Asker: 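I have a structure here, written as structure tokens, and I will follow up with some questions on it.
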Amino acid sequence: MQALRNKGINPYPYRFDKTHSSTDIINCFENLSVEGTKVKFAGRILSIRGHGKTMFAHLGDYSGKLQIYARKDDLGDKWEFFKLIDIGDFIGVEGEVFKTKTGEVTIRVESALMLAKSLRPLPEKWHGLQDKELRYRRRYLDLIANPELKELFIKRSQIIKELRNFLDERGFIEVETPVLQPIYGGAAARPFVTHHNTLDIDMYLRIADELYLKRLIIGGFEKVYEIAKDFRNEGMDKLHNPEFTMLEFYWVYADYNDLMDLLEEMFGQLVEAVSGSVRIPYGEHTIDFSRPFIRVPYFKSIAEACGHDIIGLDESELLKLAEKLGLDTEGLINKGDYYEAFFDHYVEPHLIQPTFLVDFPIELSPLAKVHRDDPRLAERFELFVAGIEFGNAFTELNDPHDQRRRMEQQATLVKRGHQEAHPVDEDFIFALEHGMPPTAGYGLGIDRLVMLLTNMPSIRDVIFFPTLKPED
RNA sequence: GGGGGUGUAGCUCAGUGGUAGAGCAUCUGCCUUUUAAGCAGGUGGUCGAAGGUUCGAUCCCUUCCACCCUCACCA
């Protein structure tokens with residue numbers, strides 16, 4: 001660094017006129033290798049092979065990497081520059097393109113410029129960065145050392161773009177709703193609490209967009225969607241990060257049957273666009289997104305898996321059966337809890353191929369409309385793939401009296417110790433009282449979707465900066 | 001929260017109750033088509049933290065911290 005300054009070299013200049021990317025130069029070699037044609041190229045030094053009065057190095061840029069070749073004969077006084085460069089520095093070079101004896105496309109450097117000096121060494125060149133903690137904490141180094149990671153995150157971006165295209169083409173409008181909310185709702189989860197100083201009130205980071213998007217439906221929007229972060233103050237594991245990206249969309253005059261048709265189309269198009277096939281590997285499985293997906297009722301799936309139809313049972317019968325079957329019944333305090341215990345144990349892990357699980361128990365679905373044929377059920381489904389939930393959908397509850405009743409039942413659960421149940425949202429019910437048309441709504445965790453389409457086992461692998469405890 | 005694992009140089013990893021090791025990176029020298037370049041020499045460590053046992057602890061014991069796996073929780 002001091003040596004650079006002593007030679008009058010600015011280690012952090014302001015700009016560089018790069019004419020080509022590394023892949024440009026490699027792909028257009030025939031055109032560029034004409035004598036007298038010069039290119040200007042810039043990148044980070046990834047490796048150096050010095051040979052006395054000559055030197056090879058690889059420069060990496062966003063599109064790939066390219067070799068440069070510098071000779072003292074060619075450079076004269078400028079050769080001194082190459083004694084001051086290190087792996088990790090950004091430099092810019094100008095020169096003609098040629099192929100070495102071994103056939104590698106290379107720039108023969110005629111002039112070179114320091115663009116940004118690196119003061120710390122990069123991770124080791126052939127083992128890369130292995131330590132998972134360091135990979136998450138210093139993702140920039142992970143991206144440098146493990147280039148395939150960059151491809152994964154480009155794919156993530158592509159996935160989100162495809163979802164937007166799909167919805168935009170069908171007339172959905174992308175909207176933004178509050179992250180900071182005076183009352184949380186739209187999902188069953190514990191929120192993050194924060195404080196607004198001027199108003200002197202506690203506020204919550206949203207756990208879902210749902211109730212605000214429905215207000216927009218009441219206001220006259222007919223197709224809306226939002227892709228944004230939600231926050232849930234809960235445990236972390238390979239499927240859960242405290243902040244995560246959610247897609248929610250609402251479609252007026254449609255019901256959950258229409259939604260299933262639309263989602264089959266959406267997933268089919270998305271998977272094909274991103275993976276080039278409707279059949280994709282995930283872990284040990286091959287997932288087939290051909291239409292139609294399996295559709296199976298919630299209670300039927302449990303009955304088939306454990307041999308007992310539990311829909312008509314009361315709490316004590318459920319307890320008796322659960323104990324007989326050896327389920328862990330600790331902490332289960334209502335029918336909904338028992339249903340979930342049966343479902344989680346017997347059904348969820350076995351839903352490998354895309355499956356719509358339809359008609360959830362009404363107790364578990366406080367924002368979904370009661371089933372048109374069976375008052376014990378809600379018009380709600382979840383999509384499962386590879387044993388993982390990929391979204392939750394309802395025919396939305398638009399009867400304000402029923403909505404109030406259902407929210408009050410949830411509020412009772414809060415008092416009984418269910419920290420994840422909903423509080424009553426009077427402002428939302430007030431809005432519903434002005435009339436919400438029949439509507440179908442769907443929410444999807446984008447991070448899990450990216451896991452599925454990139455065949456990664458942990459949500460942390462598809463989030464640039466997953467939540468970690470601070471160091472020290 | 002329970003169980004299991006990991007933590008040693010910037011990075012990837014060995015190792016031992018008695019002065020701390022390798023490769024890469026870094027520094028010095030030699031080397032004009034190399035590519036895991038090569039050769040010679042050098043620098044670099046609170047062995048995750050704190051206590052304890054011991055003449056002596058990176059190693060054995062206890063507690064703590066971080067991360068990973070797993071179970072529970074989280075529809």
Side-chain angles (χ1 to χ4, degrees), chain A residues 3 45-58 65-75 79 82-84 86-88 98-104 106 108 118-138 141-142 144-146 187-190 207-208 232-242 244 298 328 330-332 334 336-345 347-348 357 360-361 363-368 378 380 382 384 388-389 391-392 410 413 418-422 443 445 457-458 460-461 466 468-472:
Chain A
I45 300 173
L46 301 178
S47 61
I48 296 173
R49 295 171 294 285
H51 297 267
K53 296 181 182 61
T54 195
M55 169 184 280
F56 288 91
H58 273 109
K65 65 181 179 178
L66 187 70
Q67 183 166 258
I68 62 169
Y69 176 50
R71 295 167 61 98
K72 190 177 181 185
D73 285 354
D74 296 343
L75 291 161
W79 172 251
F82 284 92
K83 294 184 176 170
L84 299 175
D86 292 309
I87 290 174
F98 75 107
K99 276 189 182 173
T100 62
K101 280 180 185 170
T102 54
E104 179 163 356
T106 302
R108 184 152 177 166
S118 167
L119 301 181
R120 295 183 187 274
L122 257 34
E124 204 250 14
K125 65 181 172 190
W126 63 77
H127 295 98
L129 194 65
Q130 299 292 337
D131 184 280
K132 281 206 173 186
E133 182 181 354
L134 275 183
R135 292 183 60 186
Y136 297 144
R137 285 192 196 281
R138 302 187 188 162
L141 293 180
D142 194 16
I144 295 166
N146 303 312
R190 286 147 73 189
I207 58 173
R232 296 186 184 176
N233 203 342
E234 291 166 348
M236 298 152 60
D237 60 34
K238 66 171 80 170
L239 293 176
H240 299 83
N241 195 63
F244 61 102
Y298 186 94
D328 182 6
E330 197 182 322
L332 306 184
N334 64 3
D337 289 342
Y338 285 103
Y339 296 151
E340 283 182 344
F342 279 90
F343 176 75
D344 292 348
H345 184 262
V347 181
E348 184 171 21
L357 204 80
F360 274 61
E363 294 88 344
L364 292 175
S365 313
L367 299 168
R380 170 186 174 190
E382 290 189 351
F384 288 86
I388 301 170
E389 182 211 316
N392 184 17
Q410 289 290 309
L413 290 182
H418 250 252
Q419 293 174 293
E420 296 81 22
H422 296 227
S458 169
R460 291 189 197 89
D461 296 323
L468 298 172
K469 279 196 196 177
E471 285 179 290
D472 295 329

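The chains referred to below are lettered A, B, ... by the order of the sequence lines, with proteins before strands, and numbering in each begins at 1. Because the structure is predicted, anything quoted here is derived from the model rather than measured.
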Asker: How would nucleotides 21-30 of chain B be written as a contact map, 5' to 3', with B for base contact, S for sugar-phosphate-only contact and - for no contact, using protein heavy atoms under 4.0 Å?
Answerer: --BBSSS---

Asker: Could you encode protein contacts along nucleotides 70-75 of chain B as a string, one character per nucleotide from 5' to 3', using B for base contact, S for sugar-phosphate-only contact and - for no contact, with a heavy-atom cut-off of under 4.0 Å?
Answerer: S--BBB

Asker: Between A:I68 (CD1) and B:U33 (C1'), how many Å, whole number?
Answerer: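 Rounded to the whole Å, the gap is 14 Å.
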
Asker: Which nucleotide sits closest to the side chain of A:K132: B:U34, B:C13, B:C68?
Answerer: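 Of all the options, the side chain of A:K132 is nearest to B:C68.
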
Asker: Could you check how far CD of A:E133 sits from C1' of B:G5, rounded to whole Å?
Answerer: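 Rounding to the nearest Å, CD of A:E133 and C1' of B:G5 are 14 Å apart.
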
Asker: Between A:S458 and A:L239 (side chain of the first, backbone of the second, donor and acceptor by atom type, cut-off under 3.5 Å), is there such a pair?
Answerer: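 Side chain of A:S458 to backbone of A:L239, a donor-acceptor pair under 3.5 Å: no, none is there.
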
Asker: Mind checking the C1' distance from B:U16 to B:A20? Whole angstroms is fine.
Answerer: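 9 Å, rounded to whole Å.
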
Asker: Would you tell me if any nitrogen or oxygen in the side chain of A:R49 comes within less than 4.0 Å of OP1 or OP2 on B:U34?
Answerer: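 No, outside the criterion.
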
Asker: Side chain to side chain contact (heavy atoms under 4.5 Å, CB included) between A:F56 and A:T100: does it pass, once the steps are laid out?
Answerer: CA-CA 11 Å; A:F56 288 91; A:T100 62; 4.1 Å; yes

Asker: Rounded to whole angstroms, how far apart are CD on A:E104 and P on B:U34?
Answerer: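 Going from CD in A:E104 over to P in B:U34 covers 11 Å.
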
Asker: Looking only at atom C1', what distance separates B:G4 and B:G41, rounded to whole Å?
Answerer: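 Pairwise C1' distance, B:G4 against B:G41, rounds to 46 Å.
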
Asker: Report which part of the nucleic acid A:R120 touches: base, sugar-phosphate, or nothing (heavy-atom distance under 4.0 Å, all strands).
Answerer: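 Result for A:R120 = nothing.
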
Asker: Could you please spell out the steps behind the side chain to side chain contact (heavy atoms under 4.5 Å, CB included) verdict for A:Q67 and A:R49?
Answerer: CA-CA 11 Å; A:Q67 183 166 258; A:R49 295 171 294 285; 2.7 Å; yes

Asker: Could you state the CZ-P distance from A:R135 to B:G10, rounded to the nearest angstrom?
Answerer: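 Computing the A:R135:CZ to B:G10:P distance gives 20 Å.
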
Asker: Output yes when a side-chain donor or acceptor of A:R232 lies under 3.5 Å from a complementary backbone atom of A:I207, and no otherwise.
Answerer: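 Side chain of A:R232 to backbone of A:I207, a donor-acceptor pair under 3.5 Å: yes, one is there.
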
Asker: I'd like to check A:F82 versus A:K72 (side-chain heavy atoms, cut-off strictly below 4.5 Å). Are they in contact?
Answerer: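 No, side chains not in contact.
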
Asker: Does a side-chain heavy-atom distance below 4.5 Å link A:D86 with A:I45?
Answerer: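 SC-SC contact between A:D86 and A:I45 ruled out.
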
Asker: Convert the base pairs of RNA chain B into dot-bracket notation, remembering that pairs crossing earlier ones are written with [ ] and that bases paired across to another strand are shown as |; include only Watson-Crick or G-U pairs under 3.5 Å.
Answerer: (((((((..((((....[..)))).(((((.......))))).....(((((..]....))))))))))))....

Asker: Looking at the base of B:U34, is there any donor atom on it, or on the side chain of A:T100, that sits under 3.5 Å from an acceptor on the other one?
Answerer: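 Yes.
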
Asker: Does any non-hydrogen side-chain atom of A:L357 lie less than 4.5 Å from one of A:F343?
Answerer: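 A:F343 reaches A:L357 side chain to side chain.
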
Asker: How far apart are the closest heavy atoms of A:A188 and A:E234, and which atoms are they?
Answerer: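 Result for this residue pair: O-OE2, 4.0 Å.
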
Asker: Nearest nucleotide by nearest heavy atom, which residue falls closer to the 5' end of RNA chain B, A:T106 or A:G128?
Answerer: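 Checking each residue's closest nucleotide, the 5'-ward one belongs to A:G128.
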
Asker: Can you check the distance between B:C47 and B:G7, where both ends of the measurement are the P atom (answer in whole Å)?
Answerer: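 These two P atoms come out 15 Å apart once rounded.
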
Asker: B:A36 C1' sits how many Å from A:F56 CZ, rounded?
Answerer: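 Going from A:F56 (CZ) to B:A36 (C1'), I get 16 Å.
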
Asker: Answer yes or no: is there a side-chain heavy-atom contact under 4.5 Å between A:E363 and A:E340?
Answerer: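 Side chain of A:E363 against side chain of A:E340, heavy atoms only: no contact under 4.5 Å found.
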
Asker: Mind calculating the distance between CG (A:D131) and P (B:G48) to the nearest angstrom?
Answerer: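 The answer, rounded to whole Å, is 13 Å.
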
Asker: Look at all strands and tell whether A:D337 reaches a base, only sugar-phosphate, or nothing, counting heavy atoms closer than 4.0 Å.
Answerer: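 Touches nothing.
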
Asker: How far, in whole Å, is B:C13 from B:U32 if one measures between their C1' atoms?
Answerer: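 Straight-line distance between the two C1' atoms is 36 Å.
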
Asker: Over all heavy atoms of both residues, which pair between A:L46 and A:I87 is shortest? Give the atoms and the distance, please.
Answerer: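 That would be O-CG2, 3.8 Å.
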
Asker: Specify the closest pair of heavy atoms between A:Y69 and A:T54, including all atoms of both residues, with the distance to one decimal.
Answerer: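 Residues A:Y69 and A:T54, closest heavy atoms: CE1-OG1, 2.8 Å.
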
Asker: Between A:Y339 and A:D344, is any side-chain donor less than 3.5 angstrom from a side-chain acceptor?
Answerer: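 Checked: A:Y339/A:D344 side chains show no N/O donor-acceptor pair below 3.5 Å.
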
Asker: What is the distance, to the nearest angstrom, from the CH2 atom on A:W79 to the P atom on B:C31?
Answerer: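 Taking atom P of B:C31 as the reference, CH2 of A:W79 is at 11 Å.
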
Asker: Can you tell me how far C1' in B:C11 sits from the matching atom in B:G51, rounded to whole Å?
Answerer: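 These two C1' atoms come out 32 Å apart once rounded.
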
Asker: Taking atom types as modelled and ignoring hydrogens, do the side chains of A:N392 and A:R380 form a donor-acceptor contact shorter than 3.5 angstrom?
Answerer: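 Yes, a side-chain donor-acceptor pair sits under 3.5 Å.
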
Asker: Report the nucleotide, chosen from B:C11, B:C67, B:U33, that has the shortest atom-to-atom distance to any side-chain atom of A:Y69.
Answerer: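 Comparing B:C11, B:C67, B:U33 against the side chain of A:Y69, the answer is B:U33.
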
Asker: When the nearest nucleotide of RNA chain B is assigned to A:K72 and to A:H58 on a heavy-atom basis, which residue is associated with the more 5' position?
Answerer: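 Taking each residue's closest nucleotide, the earlier one in sequence belongs to A:K72.
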
Asker: Evaluate A:K53 against A:D73 for side chain to side chain contact (heavy atoms under 4.5 Å, CB included), listing each step before the verdict.
Answerer: CA-CA 8 Å; A:K53 296 181 182 61; A:D73 285 354; over 6 Å; no

Asker: Output all residues satisfying ring-ring contact (aromatic ring centres under 6.0 Å, His included) with A:F360, sequence neighbours left out; order by chain, then residue number.
Answerer: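 With sequence neighbours excluded, A:F360 shows a ring-ring contact (aromatic ring centres under 6.0 Å, His included) to A:Y298, given in chain and number order.
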
Asker: Taking atom C1' in both B:A50 and B:A57, compute the distance separating them and give it to the nearest angstrom.
Answerer: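 Between the two C1' atoms, the distance is 14 Å.
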
Asker: How far does the C1' atom of B:G44 sit from the matching atom of B:A25, given to the nearest Å?
Answerer: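 These two C1' atoms come out 11 Å apart once rounded.
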
Asker: When the C1' atoms of B:C61 and B:A72 are considered, how many whole Å apart are they?
Answerer: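 Looking at atom C1' only, B:C61 and B:A72 are 30 Å apart.
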
Asker: When you compare the protein's N or O atoms with those of nucleotides 40-44 of chain B, which come within less than 3.5 Å of each other, and at what distance?
Answerer:
none

Asker: Measure from CG on A:L129 to P on B:C67 and round the result to the nearest Å.
Answerer: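 Atom CG in A:L129 sits about 16 Å away from atom P in B:C67.
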
Asker: For A:H127, check side-chain hydrogen bond (donor to acceptor under 3.5 Å, both in side chains) against everything at least two apart and list the hits.
Answerer: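 Result, side-chain hydrogen bond (donor to acceptor under 3.5 Å, both in side chains) vs A:H127: A:E124.
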
